[in-house]
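Side-chain atoms are counted along with the backbone in the values below, which use heavy atoms only and exclude waters and symmetry mates.
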Amino acid sequence: AKGNSCKGDSDKDRTLGELECSFDDGTFKKGTWPMGYCHPLSAGCKALGVMDNICGKCTALPGGGFQLEETTAGLRYAGASFDDNQIGTGSYQAMNICILARYGNGGKIAFMPTSKCGGRTGRGPSSQVHWYGNCRENTVSQKDCCSNAFVLGSYFDWTTFAKGNSCKGDSDKDRTLGELECSFDDGTFKKGTWPMGYCHPLSAGCKALGVMDNICGKCTALPGGGFQLEETTAGLRYAGASFDDNQIGTGSYQAMNICILARYGNGGKIAFMPTSKCGGRTGRGPSSQVHWYGNCRKGSRETTCCSNAALLKSGFDWTKFARGNSCRGDNDKDRVLDRVQCYFETTPALESSETPILAEEEEATSLEEIDDSHEVAPLGLGEVDENEAAL
């Protein structure tokens, strides 16, 4: 903020005329917390694929993966340690810290962590500021503030998590994290618990079709151009969540936006816009999973939280959309999306557009007729939307 409060005000001060700066030389040495006893990012760390060792010593693990360890002052990031709750093997917090370590804050995630990831509280300082991670997995209301709520997606910002033991932030302090073991998926299709298992890798065939993120789907070329993504066992998904089973038919903005996510990746530059031929189909996979909110009308004012409100623009962040069935986020769960078909214009997109680009209004799905209450039941087993059946 500017001024003399978090809200910002008109307070003015005398200007700063001089600043002296001194930086650490990158060697391991004694020092006060959180600066001292911090291992440098060594050549050994880099060889293991570690981008940020969060002050830990890097060691290779048998069978792949790596361990980060610092038992004197603990592992830490941006001046804070990690929660000593919800840090055991398979916890989302441990998996997310592994993502932070391998890809660095804001990095692009190429391979997801496995449930073998786990941390252990050390015998170092017992009372230090920490990032908030003491929430249940899949806690929608705390997705932006708790490191254990969901598995991170590409271009995440760790510093948006709260510090302390609540989303509001508080002065709670914990014993530091002394050890973390990290294991990552090898990029092959295999069984596993949702949302990690049954995820097709980004194959050479996907890349040849121009797909940047296949959202766990198998890529197939479509007649007349375009591509199809399909995964019928566990469904298509992104950053630990599936997609809304409402407003997903041919011509829906949600389907078109999922196609943008697939072709350009989260935060990508959109060179060609999707066409109204894009459409998705709800499958017969898991019937009750967390999903991104997409059950709003085209042209809705819910552009910041609903994936069906307007078409995305370059530099978008999919993770800003809400999870559940409202902009506030809730615990609503849907049947997973098992197929999406994507087509794109051949004329380059207009980068100068500053307003949401609205595609042709097509009554391609009867779900367009719903009211704003969002009380629409998902398709049951065996039921097929007559407008989606053409996919």
Side-chain angles (χ1 to χ4, degrees), residues 99 103-110 140 143-144 150-160 202 206-207 209-217 226-227 229 236-244 246-248 251-280 290-324 326-329 337 340-345 347-360:
I99 288 174
Y103 299 106
N105 193 41
K108 181 179 179 181
I109 301 171
V140 173
K143 67 182 181 66
D144 296 323
F150 289 93
V151 178
L152 292 168
S154 293
Y155 312 118
F156 63 93
D157 182 358
W158 190 276
T159 64
T160 61
L202 182 66
C206 290
K207 295 176 182 177
L209 291 170
V211 176
M212 183 75 69
D213 191 326
N214 62 317
I215 52 177
C216 288
F227 57 84
L229 302 179
L236 305 175
R237 69 216 93 132
Y238 178 73
S242 185
F243 303 95
D244 210 303
N246 293 294
Q247 309 290 0
I248 193 60
S252 65
Y253 286 171
Q254 180 185 194
M256 296 167 75
N257 283 334
I258 294 172
C259 288
I260 289 174
L261 174 65
R263 180 165 181 178
Y264 299 107
N266 193 40
K269 181 178 180 181
I270 302 171
F272 299 90
M273 295 300 294
T275 74
S276 57
K277 291 173 65 179
C278 296
V290 175
H291 63 90
W292 298 102
Y293 172 46
N295 190 18
C296 64
R297 291 178 178 272
K298 288 182 177 180
S300 164
R301 289 178 292 181
E302 298 180 330
T303 55
T304 60
C305 60
C306 179
S307 62
N308 194 60
L311 294 185
L312 294 168
K313 295 187 290 185
S314 292
F316 66 93
D317 183 356
W318 190 278
T319 65
K320 297 300 183 184
F321 290 137
R323 289 179 171 97
S326 68
C327 273
R328 294 182 178 179
L337 178 70
V340 66
Q341 294 185 341
C342 300
Y343 295 88
F344 288 82
E345 301 284 359
T347 303
L350 294 176
E351 286 295 319
S352 59
S353 176
E354 291 297 328
T355 57
I357 303 171
L358 302 181
E360 288 183 44

Could you give me the CA-CA distance, side-chain angles and deciding distance for I99 and V151, then say whether side chain to side chain contact (heavy atoms under 4.5 Å, CB included) is met?
CA-CA 9 Å; I99 288 174; V151 178; 4.0 Å; yes

Under 3.5 Å, is there a donor-acceptor pair between the side chain of S314 and the main chain of I270?
yes

Taking Y293's backbone N and O only, do any of them form a donor-acceptor pair with S307's side chain (distance below 3.5 Å, no angle check)?
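Yes; at least one donor-acceptor contact below 3.5 Å.
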
From [X] atom [atom1] to [Y] atom [atom2], the distance as rounded to the nearest 0.5 Å:
X    : Y    : atom1 : atom2 : value
T319 : L152 : OG1   : CG    : 9.0 Å
K320 : C305 : NZ    : SG    : 13.0 Å
S242 : R323 : OG    : CZ    : 11.5 Å

Does K277 make a cation-pi contact with Y343 (under 6.0 Å, within 45 degrees of the axis)?
yes

Taking the six-membered ring of F344, is NZ or CZ of R263 closer than 6.0 Å to its centre and within 45° of its axis?
yes

Mind listing the closest non-hydrogen atom pair of [X] and [Y] along with its distance?
X    : Y    : answer
K298 : G251 : NZ-O, 2.8 Å
M273 : L312 : CE-O, 4.0 Å
W292 : F321 : CZ3-O, 3.3 Å
A255 : I248 : CB-O, 3.9 Å
A322 : S326 : CB-O, 3.3 Å
D213 : G265 : CB-CA, 4.4 Å

Quick one, C342 with C259, criterion disulfide (SG to SG under 2.5 Å). Give me CA distance, side-chain angles, the key distance, then yes/no.
CA-CA 6 Å; C342 300; C259 288; 2.1 Å; yes

With a 4.5 Å heavy-atom cut-off, do [X] and [Y] have their side chains touching?
X    : Y    : value
N214 : L236 : no
F243 : I258 : yes
K143 : F150 : yes
N266 : F316 : yes
C306 : N295 : no

Run the side-chain contact (heavy atoms from CB on, under 4.5 Å) test against C216 and tell me which residues pass, sequence neighbours left out.
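With neighbours one apart ignored, the set is C199, R237.
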
Polar side chain donor-acceptor pair, D244 to N308, under 3.5 angstrom
no

Assess, by modelled atom type and distance only, whether the side chains of Y253 and Q247 contain a donor and an acceptor separated by less than 3.5 Å.
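No, Q247 and Y253 have no side-chain donor paired with an acceptor closer than 3.5 Å.
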
